[in-house]
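What follows is one structure encoded as structure tokens, with my remarks underneath.
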Amino acid sequence: MIEISKDIFYVGVNDRTKHRFEALWPLPLGVSYNSYLIVDEKVALIDTVDHCHADLYLSKIKEVLGDRPIDYLVINHMEPDHSAAIRFIRQHYPDITLVGNCKTLQMVNGFYGICQGTHEVKDKDTLSLGSRSLHFYLTPMVHWPETMMTYDPLSKTLFSGDAFGCFGALNGGVVDTEINTDIYWDEMWRYYANIVGKYGSPVQKALQKLSGTDIRLICSTHGPVWKEQISRVVDLYDRASRYEGAPGVVIAYGSMYGNTEQMAEYMARVLVEKGIRDVVLHNVTKSHLSYVLRDIFKYKGLIIGSPTYTNDLFPEIESLVSKLESRDVKNRLFGYFGSYTWAGAAVRHLTAFAHKMRWEVVAEPVEMKQGFSADIMAPCRQLAENMAERLQA
Ligand code: FEO
């Protein structure tokens, strides 16, 4: 059994089988579904796990509790990667009380048909377990409407739901003090950009609500428990939710036969010559868009290039710009370019996109007819130099 703090036990599970989180986002490093037991005069279970792992989950709970019952199941978040074992837990612990806010309990009924044995909490309500009282903070839209966080003042532990979580299964260790956390930081950016990215303003509100709280341990529902690196995790969420990119450039391009790619390569070279060290090229047909979005959240500069395809954007670029629009990504420095063989459309569509996003466009777009040639180098150079200058300003 894994005791992460006095009388607080980790009972989560790893998933190294699933290919895509939410059936959308690749999981090359797997993912963990974290759940915790607080053992006091009363016993509280914090969140559950994906139902595929229910038997293993129950055995971990029994390892800590033996035959002792669980008094409360605190539900910080209802997305089924955490809630799908609620009915299973209720079957094994019929007297357990489900604790959630008004929206949570509506979803418990809607998803699982359970409306008895519940306890509704409001923002800043408390619940005594004996030597400690849990405090509940409603943090709506991080990233669902019912999301809340639970704080234990005795151990100064924040059970944060998805917030501060990341992709990546846990490889033996749970708390950051006992593992090398290098693999998790890019996966935290990717998790943020794809799952939470639309909700920058609610994340900022949640951070403000928690700002006076003395937090020594962050127990999220995915990834490591944060103890030593809390400030780094909170800083990442703060920067990401303010859409504050680092001074680097993502060049995301589509290219069927390599002509548009030559424009991307040329601009990348100019950016580096001008002193930009972080330049990330993504061929959108090869890079899954979750990685492209991750890097767009990380860096302030973005250049998008697209061939014209059926009088429209290249399909994967169309998908990328639609994801950026739906996440309402703010404050990017933007450049764009396109190509065509007999009738251009990509640049026109990217102009409309730039207008919608209200981003600063650093240079005139570059539009290339057919193959890459010396003529097209000058405008490509101008675009890249302008981008570098704006980033360094
Ligand atoms: Fe990990 Fe929003 O569920």
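Both counts, for ligands and for their atoms, begin at 1 and track the order of listing.
Residue Thr308 comes nearest to Met256 through the heavy atom pair O-CE, 4.4 Å, listed as atom of the first residue, atom of the second, then distance.
Among the atoms of Glu79, none of the N, O or S atoms falls under 2.8 Å from atom 1 (Fe) of ligand 1. His222 lies close to atom 1 (Fe) of ligand 1, since one of its N, O or S atoms is found at a distance under 2.8 Å. With 2.8 Å as the limit, Asp162 counts as an N, O or S neighbour of atom 2 (Fe) of ligand 1. Taking backbone and side chain together, His82 holds no N, O or S atom under 2.8 Å from atom 2 (Fe) of ligand 1.
Distances from atom 2 (Fe) of ligand 1 to the N/O/S atoms of His77 are shortest for NE2. Closest N/O/S atom of Asp81 to atom 1 (Fe) of ligand 1: OD2.
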*asked:* salt bridge (charged side-chain N to carboxylate O under 4.0 Å, His left out) for Asp176 and Lys227? Distances and angles first, verdict last.
replied: CA-CA 6 Å; Asp176 64 0; Lys227 184 175 187 180; over 6 Å; no

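With hydrogens and angles ignored, the 3.5 Å screen pairs no side-chain donor or acceptor of Ser5 with any backbone N or O of Ser155.
Judged by the 6.0 Å distance and 45° axis criteria, Arg190 is not positioned over the aromatic ring of Trp185.
Asp40 and Ser131 share a side-chain donor-acceptor pair at under 3.5 Å.
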